[in-house]
2 protein chains.
Amino acid sequence: MGARRPTLESLATELGVSRQTVWNVLNRPSVVAEPTRERVAAAVDAAGYVPSRAGRQLRTQRSHAIGIRLMPTFDGINGHILDTFVHELAEHAHRSDYRLALFAAANEADEIATYARMRAANEIDGVVLTSTTIDDERIAWLLENDVPFVSFGRPWRRDVDASTAPHDWVDVDGAAGTEAVTRRLLADGHSRIGYLSWPAQPDVGGDRLAGWQRAMRDASDERDLSTLIAECSNDVTDARRAARQLLDRGVTAVVCASDTLALGARAALGARSADARRVPIVGFDDTPVARALGISSVAQPIVRAARTSVSLLVSRLAEERPPEHVLLSPSPVFRDSEIATPSLFESVGTIQEKEITNP
Amino acid sequence: MGARRPTLESLATELGVSRQTVWNVLNRPSVVAEPTRERVAAAVDAAGYVPSRAGRQLRTQRSHAIGIRLMPTFDGINGHILDTFVHELAEHAHRSDYRLALFAAANEADEIATYARMRAANEIDGVVLTSTTIDDERIAWLLENDVPFVSFGRPWRRDVDASTAPHDWVDVDGAAGTEAVTRRLLADGHSRIGYLSWPAQPDVGGDRLAGWQRAMRDASDERDLSTLIAECSNDVTDARRAARQLLDRGVTAVVCASDTLALGARAALGARSADARRVPIVGFDDTPVARALGISSVAQPIVRAARTSVSLLVSRLAEERPPEHVLLSPSPVFRDSEIATPSLFESVGTIQEKEITNP
DNA sequence: CTGAAAGCGCTTACAG
DNA sequence: CTGAAAGCGCTTACAG
């Protein structure tokens, strides 16, 4: 390696042409005479010249970087899907010559503050938002400050439909997923199919719940489905408690809002009779845990979601256009595995952890 | 928000001072007279001025960015630990005013090519390497090309000790972890403690194996430990097969190179008698899966590893100094949970997946 | 088709 | 203590 990085200037001097000509060879080759073009191109290759990002950025006022917050690893089971999303995002962004500027934030206010700083420093051209919540403050802020962005997750609002949102979003049709698995269970002869839900709200949880409701309403005249629903937080122990309620009410299958909840439901089966243990459980996200334990689930098309997010954001950075909304379909994955038995899960929630000091 | 970003120039003009004075207020305030300083500082705040990253970068030839490859999510169980590492890295890098430039790569050659391009474009100042392998080509390349870096993971060499490495590294003392859990099992009265290993090599797998060996050699005169070791790939199904061999040889406890293997070992217990099912299994990494299933494990101090990696790299970028090597101690986590029973795992490895098409 | 020039916004060496 | 100037490496508008 030489003493210094090559620049347009140094290459031009070396070749006895102007800076502009070197630039033309790289960016508008058709405009340069053949012999010059070949001579310059060869020198560029030999020198391993790559345009300085800073120089370009200063001139064009574009950083070619996309801001993305790495969400806290709150769960590790369902959280895995976001890690996969970020991985795919990095891959596809690179192909479009964009970089991912990764950061961590303690909460939404901190996240917004980071966007503000990064924008002020001209450090990012746009943002990919994940894990949208009801009346998401981040969306409001980004819109208000004209920051180009795409959200992976619909802009959940209590009274406004996501289809009217003034910004791009990509999401997975959770309702279609839970509806498909519920219909499948109905077709298999189940009629009392329980649903293990996060607290009902008009967000991703409400969406998944709605799919189960659609299938159930379709299948029976029974209007009151409420006894078949149990609520819990996204926690294995709490899910086990809620699943027990459902089993007590005689459900013969359980559809869950997440794989974490499905794991809790498995645990609840443990204490039951052999018959009860055959109750099929379906999770959501098709995480490594579901795969390893043979739990049925609903797989999100995460690679397509990432690819679509990048392409929407990149096109928005290139040109004005109306907002686009993309709803992708998930794929149910049924696994025929035997059902959990008591002892494995018996102690979940009362696990005693002891740390022993290292020698 | 005004029409344009404020700059040193625009602020200076507005305030009737020179660009230099504004800069001094921000970077060497002691040199500016009190009244000027206050007036300027107030204007800077009001305008929300943040120095342009590109301008600074062009002038200083420093990007203040750290390159990091997001590893493929090959496993999702033990892979989780790297996601956590990257998350913490982002957090600590930000505190030192560094950005994480994230990228994906298909393999090591691709990873190296990406470093080369990013360096040529002056896009990154340094690199954090993860998942080091034997005679790691990436390390050789980075050293040869004078790219500042720190590796999370020792530079494994067949014939050279990591302590002589000419570069910074941070690692977790895997051997100390497996040794501690093995000693604990010995203290609990176990003598035939099996070890479920990745193929033995002088790398992270060999390191973890060595800890178990130390404890076992110490505890008995029996020189030949080979019948207590079974090898397998990092895969639940293969681990189950290997664990069965160990059980057939009468082991009363199993220490594993990873939580993924521990999950396989759990599965192997399933088909055994009630007695056999009490065989304690210990994994490695204390992943969400281990926590959810109540499997004992060894927790890596991942937050400290990330913080140390950032501080080593940042200090290296600031000044010449001899290489530093940091070996952190992991913490065994014992969980008293009952042991796996047959049916849950019976079908692992022969799981039938069926996708049903969405409506 | 080729070249000379301006300017993006910083930091730094230097003059007053 | 304050200010005028140079230059990092690009891209782009313009002159020949």
Side-chain angles (χ1 to χ4, degrees), chain A residues 2-41 43-44 47-65 97 117-123 125, chain B residues 2-41 43-44 47-65 97 117-123 125:
Chain A
R4 288 184 69 86
R5 303 179 57 242
T7 65
L8 285 180
E9 182 69 50
S10 73
L11 286 167
T13 310
E14 187 188 314
L15 291 161
V17 299
S18 78
R19 205 154 52 164
Q20 173 78 285
T21 298
V22 182
W23 186 87
N24 281 339
V25 168
L26 291 166
N27 298 285
R28 294 183 66 207
S30 66
V31 102
V32 183
E34 169 102 26
T36 319
R37 187 171 60 211
E38 291 195 350
R39 202 164 60 91
V40 173
V44 163
Y49 171 75
V50 179
S52 151
R53 205 100 181 161
R56 167 177 297 174
Q57 192 171 333
L58 188 58
R59 176 63 223 232
T60 61
Q61 302 287 57
R62 294 286 202 146
S63 66
H64 265 245
D97 199 29
R117 245 181 301 115
M118 287 180 139
R119 272 296 268 189
N122 242 340
E123 212 178 315
D125 294 342
Chain B
R4 286 184 69 87
R5 305 179 57 243
T7 65
L8 285 182
E9 183 69 48
S10 74
L11 286 168
T13 310
E14 188 188 314
L15 290 162
V17 298
S18 78
R19 204 153 54 163
Q20 173 78 287
T21 298
V22 181
W23 187 87
N24 282 339
V25 168
L26 290 165
N27 298 285
R28 293 183 67 206
S30 66
V31 102
V32 183
E34 168 102 26
T36 318
R37 187 171 60 212
E38 291 194 349
R39 203 163 59 92
V40 172
V44 164
Y49 171 76
V50 179
S52 150
R53 205 100 181 163
R56 168 178 297 174
Q57 191 171 333
L58 188 57
R59 177 62 225 234
T60 61
Q61 302 287 58
R62 293 286 202 145
S63 65
H64 265 245
D97 200 29
R117 245 180 303 117
M118 286 181 139
R119 273 295 269 188
N122 242 340
E123 214 178 313
D125 294 341

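All chains are named by letter (A, B, ...) in the order of the sequence lines, taking the proteins before the strands, and each is independently numbered beginning at 1.
- Take A/S52 and apply the side chain to side chain donor-acceptor pair (under 3.5 Å) test, not counting sequence neighbours, and it matches no residue.
- Here the range on DNA chain C touched by chain B, meaning any atom under 4.0 Å from one of its heavy atoms, is C/dG9 to C/dA13.
- Atoms CG and OG1, on A/L11 and A/T21 in that order, are 12.0 Å from each other to the nearest 0.5 Å.
- Distance alone, capped at 3.5 Å, places no donor-acceptor pair between the B/R117 side chain and the A/V50 backbone.
- To the nearest 0.5 Å, atoms CG (A/N27) and CD (A/Q20) are separated by 9.5 Å.
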Going through the distances and angles, do B/Y49 and B/L26 end up as a side-chain contact (heavy atoms from CB on, under 4.5 Å)? CA-CA 10 Å; B/Y49 171 76; B/L26 290 165; 3.5 Å; yes
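- Using a 4.0 Å heavy-atom distance criterion, B/E9 is classed as making no nucleic acid contact.
- Here the straight-line distance linking atom CG of A/D125 with atom CZ of A/R119 works out to 7.5 Å at 0.5 Å rounding.
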If you write DNA chain D from 5' to 3' in dot-bracket form, with Watson-Crick or G-U pairs under 3.5 Å, [ ] for crossing pairs and | for pairs with another strand, what do you get? |||.||||||||.|||
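- Screening residues 21-35 of chain A for salt bridge (charged side-chain N to carboxylate O under 4.0 Å, His left out), with sequence neighbours left out, gives A/E34-A/R37.
- Between the CZ atom in A/R53 and the CZ atom in B/R53 there is a gap of 14.0 Å [rounded to 0.5 Å].
- Listed by chain and number, the residues in a side chain to side chain donor-acceptor pair (under 3.5 Å) with A/R19 are A/E9 (sequence neighbours excluded).
- Nucleic acid contact class of A/A33 (heavy atoms, under 4.0 Å, all strands): sugar-phosphate only.
- Atom CZ of B/R56 is separated from atom CG of A/L58 by 13.0 Å, given to the nearest 0.5 angstrom.
- Contacts between residues 10-19 of chain B and DNA chain D, counted as heavy-atom distances below 4.0 Å, involve B/V17, B/S18, B/R19.
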